[in-house]
Structure formats: structure tokens, C-alpha cells
Amino acid sequence: MRRHLVTALLVLAVLALFAVPLLTGGDREYAGTDSQATALIEESRPDYQPWFDSVFSPGSSEVESGLFALQAGVGGVVLGYVLGRLRGRRLAERAAIPPLEP
Amino acid sequence: MHIAEGFLPAPHALGWTLAAAPFVVHGARCVVKEVREHPESTLLLGAAGAFTFVLSAIKLPSVTGSSSHPTGTGLGAVLFRPPVMALLGTIVLLFQALLLAHGGLTTLGANAFSMAVVGPWVGYGAYRLVTRLGGGLLPAVFAAMALSDLATYVTTALQLALAFPDAESGFPGAAAKFLGVFAVTQVPLAIGEGLLGVLLFRVLTVNARPELVRLGVLRPDPERAEP
């Protein structure tokens, strides 16, 4: 029971950590830090020209979000598969060995 | 922490590539050796790679009003030691550089150095330090996850400051500027990543006990040993 409580509290803490700025922050932009850094470079060194272009750029921000979602999805599926197999293995082992008589 | 394609001057791009390459090659050898000698590790290796894959795809809002993504490299560093993550982290970065125009091929070396080399090693160091001080497994995992994340972003800020020193204040001024963008935003994300790592490890300690004992993460429990 205590174990489940700790798990629930940990999940809540993670959710709160990212929900609170969204709920209380007003209409801030939440620009990515990577693009902010690029903007900083362009501001401080206007003469700097990137000397190489991405080999492939997603056509639109929608396609880009989709590809990011795909990346997260693939990772999530693999992680879930591994955890599921490990859990299944433990349950199978527990079923195979009868508990010791007291 | 992704330095955009073409946004490092060529000598810097080359230098970081040369700096990261030996770690990645060594990491690849470690992965092959691990899989060959301990095929049962493949599942957990997959989990470590997948964790980094998921976390580095998700940009999360921070209290600073900007957003950024965690790195997830601490898990594999704790389980399999940092060299393994040098390869897995670089694969993730390569995927993003080729398909998402996120990061780049010319900046792959610098990005791999921060996310796949410095992050995992700092995380592993934090894990060893906390366990040695008697802090217990889960606090050590929290420190490893959070600090590997934070160290990655600090490294990126310093790499950019080296490449683009401030006109008046030089490297320190530029470092303060880039750290202001990267490191401050990252603090709440690093805490969140630490908590996620603890959640995952709680699941692993129950379900992957034999692997964790073999990898030296958990101590063999005499009471549970087979008679």
C-alpha cells in the first residue's frame, strides 16, 4: 500500500512540476532554449553565417511535431515492451515456485 | 542543448568531433561486448536507449518561461556505466539531426560531447558519490539523472561561449549569457527527470532484480538467495 502511495506522489510531483508553470505563467511563449541560443548568436554576431544546412528539414511545424511525437512514441513502445516482459517474467517465476510452507 | 546545424565555426565543429569520437567508438565496443557476453542485458540496454529516445523528444515548459527537453542519459550510465551511453546518446542525436533538423551533422560532435559524454559521466560520478556517502540507491539515481541532464546543458552553454565570446567581456561574459538561457531553464526539468528516474528504478528493482544484482547496482540479498 505504502509503495503505491509513494508511486502516486512521485507521478503527481512530476506532473505538478510541469503543469504549474503552464497554469500560472500567463501568456508566456515557452520558446525552446535551443532557438533562443541561436537567436543570441545572431544578435551578438550578426556577421556570422551558418556554413552548413540541415540535410533534411520537415516541411512544416506540424510535420516536425509529428516526427517528434513519432520519436517519443517509438521510445515509449520499446520501454513499455521491456518493462512488460520483465514484469511477466517475474510473475511467471513466482507462479512456478510455490510459496514455502510456514 | 542541440547546437543548430552550421552554428559552430568549422574549427570548433571539427575539434568537438575529434574529442567525442574516441568516446563513441569505445562506447560502441562496450555495447557489443555487453551484448555478446551477457545477452540477457539486451532488454535493459533497450530500455536505457528508449528512455533517452523518449525524453529527448519531449520539450517541457519551465518556470523561466522557456521550454527545453530532458536527456535521460543518467539511467544507462548508472546501469551500464557511461561509455554505453556515448553510443546510445549519439544515435539519438544522429536521428534528430537527420530527420528532425534538430541539431546537425556539423554540430554532432559538440552535441554528442555534451549529451552522450559529459552528461553520463557527471551522472555516474554523482551516483557513485551518493552511494559511497551512504545515501542509498534511489537518492543516488535521482542525483545521477538530474545532474547528467544539468551538466549536458552547462556544457552546451560553455561550448557556445567558447565559439562566440562576447565582444567586450570575452568568454566569461558569453558563458554567463548562454548559461542564463540553458542552465536556469533546465533546473526544474532536471528535478523532473530525477523523479522520473526514481520511478523507473523502483519498477526495475522489483522486476529486474537479477540483472541489477549482476550489474552491481543492487547488492545480492542473502534472504532471497536460492537454498
Side-chain angles (χ1 to χ4, degrees), chain A residues 3 6-7 10-11 13-15 17-22 24-26 28-42 44-45 48-58 64 67-83 85-91, chain B residues 1-7 9-10 43-44 46-47 49-63 65-68 95-102 104-106 153 156 160 164 166-167 174 177-178 181-182 185-186 188 191-192 195-196 198-199 202-204 206-209:
Chain A
R3 201 181 148 75
V6 173
T7 307
L10 279 170
V11 173
V14 173
L15 289 180
L17 202 56
F18 302 119
V20 165
L22 279 182
T24 60
R28 292 185 294 185
E29 282 183 12
Y30 294 105
T33 49
D34 290 345
S35 52
Q36 286 181 335
T38 310
L40 261 184
I41 296 170
E42 282 166 341
S44 64
R45 288 275 300 275
Y48 183 80
Q49 287 292 328
W51 54 283
F52 198 80
D53 282 329
S54 297
V55 280
F56 164 80
S57 291
E64 190 186 325
L67 285 168
F68 269 108
L70 182 73
Q71 186 192 333
V74 169
V77 166
V78 173
L79 195 59
Y81 171 80
V82 170
L83 293 182
R85 270 197 60 166
L86 289 172
R87 184 178 147 79
R89 185 189 67 182
R90 180 174 66 92
L91 295 181
Chain B
M1 44 66 62
H2 294 78
I3 302 177
E5 183 77 284
F7 266 88
L43 268 184
L44 280 185
F51 193 59
T52 292
F53 215 61
V54 179
L55 287 195
S56 63
I58 301 175
K59 294 209 181 119
L60 294 161
S62 170
V63 282
S66 41
S67 68
S68 189
F95 173 88
Q96 295 183 319
L98 290 176
L99 284 179
L100 297 166
H102 207 65
L105 294 178
T106 60
Y153 280 81
T156 304
L160 284 173
F164 300 99
D166 199 72
K177 211 170 53 178
F178 286 113
V181 169
F182 283 117
T185 300
Q186 207 61 26
I191 295 172
L195 294 176
L196 277 178
V198 169
L199 268 171
R202 282 160 48 86
V203 177
L204 290 179
V206 173
N207 293 309
R209 197 173 180 87

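In what follows, chains are A, B, ... by sequence order, proteins preceding strands, each numbered from 1. These numbers come from the heavy atoms of this one structure, side chains and all, not from hydrogens, waters or symmetry mates.
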Can you name the closest pair of heavy atoms from [X] and [Y] and give their distance?
X         : Y        : result
Ala208(B) : Arg89(A) : CA-NH2, 3.8 Å
Thr38(A)  : Ala4(B)  : OG1-CB, 4.1 Å
Phe56(A)  : Leu99(B) : CE2-O, 3.2 Å

inquiry  = Quick check on the interface: out of Thr185(B), Leu98(B), Val54(B), Leu100(B), who has the most heavy-atom pairs with chain A under 4.5 Å?
reply    = Leu100(B)
message = Between Ser57(A) and Ala101(B) (side chain of the first, backbone of the second, donor and acceptor by atom type, cut-off under 3.5 Å), is there such a pair?
response = no
query = Just wondering, do Leu83(A) and Asn207(B) contact through their side chains at under 4.5 Å, heavy atoms?
reply = no
inquiry  = Are the side chains of Arg202(B) and Arg3(A) in contact, using a 4.5 Å heavy-atom criterion?
reply    = yes
Region of Ile191(B) that comes under 4.5 Å of a non-hydrogen atom in chain A = both
Interchain contact, Ser56(B) with chain A, by part (heavy-atom threshold 4.5 Å) = both
ask   = Would you call the rings of Phe164(B) and Tyr48(A) parallel, tilted or perpendicular, where under 30° means parallel and over 60° means perpendicular?
value = perpendicular
inquiry  = side chain to side chain contact (heavy atoms under 4.5 Å, CB included) for Leu86(A) and Leu44(B)? Distances and angles first, verdict last.
reply    = CA-CA 9 Å; Leu86(A) 289 172; Leu44(B) 280 185; 4.1 Å; yes
request  = Walk me through it: do Val11(A) and Leu199(B) pass the test side chain to side chain contact (heavy atoms under 4.5 Å, CB included)?
outcome  = CA-CA 8 Å; Val11(A) 173; Leu199(B) 268 171; 3.9 Å; yes
inquiry  = Please determine whether side chain to side chain contact (heavy atoms under 4.5 Å, CB included) holds for the pair Asp34(A) and Phe182(B), giving the CA-CA distance in whole Å, both sets of side-chain angles, and the decisive distance to 0.1 Å.
reply    = CA-CA 8 Å; Asp34(A) 290 345; Phe182(B) 283 117; 3.6 Å; yes
